> 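I have a structure I would like to understand better, so I am pasting it below and will then ask my questions one at a time.
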Amino acid sequence: MSILINRDTKVICQGITGKVGQFHTKGCLEYGSKMVGGVTPGRGGEQVLGLPVFDTVRDAVKQTGANATMIFVPPAGAADAILEAADAGIQVIIAITEGVPVLDMARAYKIVKQTGSVLIGPNCPGVITPEECKIGIMPGFIHKKGPVGLLSRSGTLTYEAAWQLTNLGLGQSTCVGLGGDPIVGTSQIELLAMFEKDPATEAIMMIGEIGGSAEEEAAAYIKEHVTKPVAAFIAGSAAPPGKRMGHAGAIISGGKGTAAEKFAALEAAGIETARSPADMGAAIQRAIAKKK
Amino acid sequence: MKIHEYQGKEIFRRSGVAVPQGFVANTPQEAAEAFKKLGGPIAVVKSQIHAGGRGKGTLKEIPTQRGVQLVKSAEEAAKVAEALLGNTLVTIQTGEEGKKVNQVLVEAGCNIDRELYLGIVVDRSAKGPVFMVSPEGGMNIEEVAEHTPDRIFYEKFDVDTGLLGYQARKLATLLGIKGKSIGTAEKFFRALAKMFVTYDCSMVEINPLVVTKEGDLLALDAKVTFDDNAGFRHPDLAELRDMSEEEPAEVRAAESGLSYVKLSGNIGCLVNGAGLAMSTMDIIKLHGGFPANFLDVGGGANVEQVTEAFRILLADKNVKAVLVNIFGGIMRCTTIAGAVIEAYKQVGFNVPLVVRLEGTEVAEGRRMLAESGVDIIAAEGLTDAAKKVVAAAG
């Protein structure tokens, strides 16, 4: 078991005819993901990497039975692509695109939530269930199947965490990059609930960063609802207020959203924390030992 | 993208949000003419810089001169403009170095009855834009939030429907607005919400928003920030950008597709990915060092980008050592190793360089660095890298 995606997930790529979309579709195919096609309006009937290209997501779903999508559509059309996927009944929508206007996401979020589809991202590395299915841009070889559920707001830092886990012999059930934008499709709390319910997940590693109050909300949720061991790291202790650190969401504003506040909230909820990014793997080991 | 107060007020005016009459002045003469054109007994001369706290801020060159001043004649307007223009204003938001005043806004005075606070931000929990209002206008809203959080009221609004009438009236009454002014406030707030969406703003702040003795609402200040990601929808807004307000190194980095933020420490960092870049700063600090910058080279950096990144890092005279921290995913370690070697040769390094590589094709990448003859301190793992670069920086 796992969350969101597994060996049976049928995946399409929206934006498959673009250079980036094609490159990563190839990577997913090589990892063993069941890629079944792609969508680019006006390019229906063509083939990319031996996969059929469709004009609409609706056509792709009808022809292939796809139930997940990986979106590389450029920022101006990304929110529309998300809504098209939701409208076509795609259950898991993973939007990799970086630079989507935030008000477009405000609009898309509201509509997607009404359809019951799960949206991950935008501006995220994707989702991987090791040794079964990879939908996204993460390197596959750093992952290993196992008991730790990993959720994170960033990209390469997630790789760092997965690699630390793998080197400690701790495989992962599913790793999810939530995305670095102010409005993303799925919250930490929603993912924590999925991991708590998943029998394959025995412990949860949460990686947050400065900005907003999502980690504080997640800490309160974990205290009340999560029985599995949880460890956490927050990136951005050294970041000054008022400066945006790459991600649109990673900004300390009005003195709120600092790493110190987030660490304090996590520790107050009894969550094992890593104060150093080099300590993420060890922190989950401590969390597991503590629960035993 | 941030813009100046006078530019924000022009957009307010166009959007039906009431602002006092005013003119921007580049010279003392223009300030005097502006005073005459306004025709009133008083006016306010306001420094135009991209930072708040101007009223309490003072000039570096003339410590008695504040950034905003009430004037009672054209001569006085010219005199104040003369003092402000070309000098450096230091406020709580500018840092010690301050910001140069290139323009002033000369604005009509008004009969203030009450000062309120109004802000609109995109809130990540609410998943959309949210009004924030407080009767405690004119104050630092961060202090209000800390000491009397119950004096700030929030109202989320829908991007498609805008702020609804009842929502606007609710906000008005929470602010203690009464009688006829409730209708005025309703129009004001709804126009502002519409403007926020129309222009793809990410933040709008009016502090203070005043209720005049005549019962009108006026935006005495205007802080407007646009969502850079929506710039493609608003080509006309690009001309509002004031490059002199931006850190030159950050502009240069952005042009090369790099995300760079200058900080005050002495260890330069070059990292792929925003989260890892932040964490690299964190671990440097944890081991007693001080990062000189945040720098994310992104997912697919090439030789040109890495070379440019090194140039930007080394142009900062504070930098005493550089740490390259790459977790190769899509970017192969061999690519980055090749780029580091090439850039090292081109740029001419004069400080120690610590490199930590991990991920795709790491063994080959490390071997390339070791055999390159380039003077690199190789590190294994994050902790080792941080310790080595802190030691190297002295």
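As the structure is a computational prediction, the values presented were derived from the model and not from experiment. In what follows, chains carry the letters A, B, and so on, assigned in the order in which the sequence lines appear, proteins first and then strands, with residues in each chain numbered from 1.
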> Only pairs of heavy atoms separated by less than 4.5 Å count here; which of B:G381, B:A386, B:G275 has the most with chain A?
B:G275
> Would you mind telling me which of A:V127, A:V184, A:I135 makes a side-chain contact (heavy atoms from CB on, under 4.5 Å) with A:I120?
A:V127
> Sort B:V159 into side chain, backbone, both or neither according to what part of it lies under 4.5 angstrom from a heavy atom of chain A.
both
> I need the residue from A:R275, A:Q164, A:H24, A:M138 with the largest number of non-hydrogen atom pairs under 4.5 Å to chain B.
A:H24
> Return yes if some donor-acceptor pair links the side-chain N/O of A:T115 with the main-chain N/O of A:S117 below 3.5 Å, else return no.
yes
> Considering only heavy atoms, which portion of A:V102 lies under 4.5 Å from any heavy atom of chain B: side chain, backbone, both, or neither?
both
> Name the member of B:A230, B:A126, B:P291, B:S202 that forms the most heavy-atom pairs with chain A at distances under 4.5 Å.
B:A230
> How about B:K223: does its NZ atom have over 12 heavy atoms from other parts shown lying under 6.0 Å from it?
yes
> Name the region of A:I142, side chain, backbone, both or neither, that has any atom closer than 4.5 Å to a heavy atom of chain B.
side chain
> Roughly how far apart are B:C269 SG and B:I283 CD1, rounded to 0.5 Å?
11.5 Å
> Which answer fits A:A76, side chain, backbone, both or neither, if we ask what part of it has an atom under 4.5 Å from a heavy atom of chain B?
both
> Does any heavy atom of chain A fall under 4.5 Å from the side chain of B:F294, the backbone, both, or neither of them?
side chain
> Which bit of A:I207 comes within less than 4.5 Å of chain B, counting heavy atoms only: side chain, backbone, both or neither?
neither
> Measure A:F141 against the heavy atoms of chain B and call it side chain, backbone, both or neither at under 4.5 Å.
side chain
> Pick from B:T280, B:I284, B:D158: which one has the most heavy-atom pairs with chain A under 4.5 Å?
B:D158
> Can you confirm whether B:R233 sits close enough to A:D104 that some side-chain heavy atom of one is under 4.5 Å from a side-chain heavy atom of the other?
yes
> Answer yes or no: is there a donor N or O on one side and an acceptor on the other, between the side chain of B:D296 and the main chain of B:A274, under 3.5 Å?
yes
> Can you tell me which portion of B:E250 sits under 4.5 Å from chain A's heavy atoms? Options are side chain, backbone, both or neither.
side chain
> Could you tell me whether a side-chain N or O of A:D181 sits under 3.5 Å from a main-chain N or O of A:I183, the two making a donor and an acceptor?
no
> Quick one: what part of B:T383 sits under 4.5 Å from any heavy atom of chain A, side chain, backbone, both or neither?
both
> When you measure from the side chain of A:T97 to the backbone of A:V73, do you find a donor-acceptor pair of N or O atoms at a distance under 3.5 Å?
yes
> Is the distance from the ring center of B:F131 to that of B:Y154 below 6.0 Å?
no
> Within the distance-only criterion (no hydrogens, no angle test), does the side chain of A:K26 pair as donor or acceptor with the backbone N or O of A:E30 below 3.5 angstrom?
no
> I'd like to know whether NZ of B:K2 has more than 12 heavy-atom contacts from other residues, nucleotides or ligands below 6.0 angstrom.
no
> Which of the residues A:S154, A:A106, A:P277, A:A214 is involved in the greatest number of heavy-atom pairs with chain B at under 4.5 angstrom?
A:P277
> So for B:K285, is it side chain, backbone, both, or neither that comes closer than 4.5 Å to the heavy atoms of chain A?
side chain
> Identify which of B:D123, B:D160, B:V271 forms the greatest number of heavy-atom pairs closer than 4.5 Å to chain A.
B:D160
> At a heavy-atom distance under 4.5 Å, which candidate from A:L157, A:I234, A:D279 has the highest pair count against chain B?
A:L157
> Taking atom CG of A:L192 and atom OH of A:Y221, what is their separation to the nearest 0.5 Å?
7.0 Å
> Where on B:V121 is there a heavy atom nearer than 4.5 Å to chain A: the side chain, the backbone, both, or neither?
neither
> Is it the backbone or the side chain of A:E217 that comes under 4.5 Å from a heavy atom of chain B, or both, or neither?
side chain
> Non-hydrogen atoms of chain A under 4.5 Å away: do they reach the side chain of B:D227, the backbone, both or neither?
side chain
